[in-house]
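Read the structure below first, then the notes.
By convention in this document, chain letters (A, B, ...) are assigned in the order of the sequence lines, proteins followed by strands, and residues within each chain are numbered from 1. These values consider heavy atoms only, across backbone and side chains, with no hydrogens, waters or symmetry-generated copies.
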Amino acid sequence: MNATKIFLNEQDMPRQWYNLAADFPKPMLPPLGPGGQPISPDMLAPVFPMNLIEQEVSSQRWIDIPEKVLEMYKLWRPSPLYRATRLEKFLGTPAKIFYKNEGVSPAGSHKPNTAIPQAYYNKEFGIKRLTTETGAGQWGSALSFACSLIGLECKVYMVRISFEQKPFRRLMMETWGGKCIPSPSTETNAGRKILQENPDTPGSLGIAISEAVEAAVTDPTGQTRYSLGSVLNHVMLHQTIIGLEAQKQLALAGIKKPDVVIACAGGGSNFAGLAFPFVNDKIHGAKIDIIPVEPSSCPTLTKAPFCYDFGDNAEMTPLLPMHSLGHKFVPPPIHAGGLRYHGMAPLVSHAAELGLITPRAIDQLECYEAAMIFARTEGFISAPETSHAIACAIQEAKKAKEEGKEKVILFNWSGHGLMDLTGYDAYMSGKLVNYPLPEEEIKKSTAVLKDLPKAAIKK
Amino acid sequence: MPDKYDVFEKRCPMLGHAISFKYCRSVNSTTPCRKIMDCWFEQIPIRQYLEENFSIETIQNLLQPPKPKIVSLLEMIDQARASSQHSQT
């Protein structure tokens with residue numbers, strides 16, 4: 001009888017994170033400041049400890065995971081690798097489908113993989129408290145959990161309307177000892193200013209971020225820093241434990257290498273976490289299709305050119321090398337909130353430009369249909385973002401069936417959707433529609449990029 | 001100023017729960033959320049609504065995407081420092 005779950009012993013958990021930046025055939029382009037100069041580490045020092053900034057700019061291939069972080073990871077890691085036999089049977093595919101279950105973490109997603117080390121490195125640097133912002137509360141929950149284990153104070157600025165309407169996420173944070181403050185608050189200049197102008201304001205994510213950053217920057221003791229759960233290089237680095245574990249688990253299952261590796265790509269961290277170790281294998285000769293999946297209605301990797309792009313309408317902010325639809329692009333609606341970044345994480349953008357990964361866009365109806373099939377075969381109810389990876393895995397499994405090939409498909413099941421069931425409700429009641437972006441819209445949107453410097457990369 | 005569309009509700013993809021149109025049109029005090037067009041175009045003639053109620057400059061600002069995180073962070077560091085110095089003087 002085939003095993004449904006492939007476990008890795010705790011003592012076999014990877015002891016280093018993998019840094020893809022060390023293995024790129026062409027090096028990463030640095031982010032540029034307004035004057036055309038690269039952004040220096042010192043500029044980030046007011047919000048991040050230097051040990052994390054060193055990881056942010058590191059070109060070292062392997063970075064040791066501290067023993068204390070490994071001990072805390074053991075609460076839920078190594079996460080199980082599942083063989084999706086029921087899904088395979090439903091699809092009638094000869095493919096072997098595996099998924100890494102990151103929903104087993106206490107916070108229910110992959111987010112604690114970076115929350116724990118971020119809290120640890122801040123503590124090591126002498127920091128006493130972390131600040132962050134949250135809307136729905138997923139990242140705020142993960143960081144509160146991490147700070148409770150490490151022994152740091154955690155202050156989460158939660159958008160006031162969410163604070164009032166999402167009591168369960170707030171209670172999760174408070175259960176873990178996080179101090180959850182409705183934003184705007186009277187604790188910061190940014191918050192007081194807003195409240196003075198409009199005492200009844202429901203708040204916004206932008207205000208909450210400003211408050212969290214201000215609380216870190218202006219602490220006179222210098223013992224407060226800010227924490228971010230996506231996009232940046234050190235966040236991608238911490239997440240690579242997902243793929244490194246998966247490599248060992250596949251070996252235990254007698255699989256030398258997967259044929260296809262899949263994860264959804266929003267800010268990039270859960271894709272990077274599973275995929276980057278396999279990108280390393282691909283750089284060194286392995287034949288693997290590595291697919292970041294994004295919504296067809298808001299493509300950044302599948303249809304956009306690679307170039308430097310401004311981050312603001314005044315074109316005064318630093319230029320960053322990234323896949324971009326242009327800074328005048330407005331995406332159409334979709335329910336997977338985490339997948340709506342203007343620019344992909346720079347490491348993921350670079351991998352795509354070098355042809356190491358093959359991005360794919362899938363529409364939201366197909367994603368929800370896939371999530372429903374998954375729930376009714378494998379049992380787990382997926383986060384809306386996670387459903388993109390499932391949909392792609394099903395596409396690949398059907399393709400394998402047509403080709404009669406016994407492919408090995410691996411995807412990242414990045415989190416459960418138990419706190420986000422309204423999207424399922426909308427799908428089941430027929431309220432969702434698809435919004436593919438027309439070619440004409442893409443051309444119009446990217447026209448603003450034609451006069452900007454082209455990123456000098458050759459495949 | 002109440003609006004005829006304020007009774008409409010939908011799930012905010014950023015906040016993760018249901019909100020009314022009133023929130024979207026006034027989230028930044030007097031200006032709308034930058035995602036108002038892509039969130040509401042199914043239910044409301046949103047471009048027409050915006051043209052009737054907001055300046056061209058405001059609408060053009062709405063057409064800008066969010067800034068990259070690292071860029072936003074650098075800006076907010078500067079703003080926090082400036083605000084702190086101002087409040088001390």
Q) What pairs with Asn198(A) under side chain to side chain contact (heavy atoms under 4.5 Å, CB included), at least two apart in sequence or on another chain? A) Asp200(A), Thr201(A)

Q | Heavy-atom contact with chain B under 4.5 Å, split by part of Phe163(A) | A | neither

Q: Answer with side chain, backbone, both or neither: which region of Ser210(A) has an atom nearer than 4.5 Å to a non-hydrogen atom of chain B?
A: both

Q: Heavy-atom pairs under 4.5 Å with chain A are the metric here; pick the option from Ile77(B), Val27(B), Asp78(B) that has the most.
A: Ile77(B)

Q) What part of Ile209(A) gets closer than 4.5 Å to chain B, counting heavy atoms only: side chain, backbone, both or neither? A) both

Q) Can you say whether Ile161(A) sits under 4.5 Å from chain B via the side chain, the backbone, both, or neither, judging by heavy atoms? A) both

(Q) Between Tyr23(B) and Gly203(A) (side chain of the first, backbone of the second, donor and acceptor by atom type, cut-off under 3.5 Å), is there such a pair? (A) yes

Q) Which heavy-atom pair separates Thr218(A) from Ser84(B) by the least distance, and what is that distance? A) CG2-CB, 3.7 Å

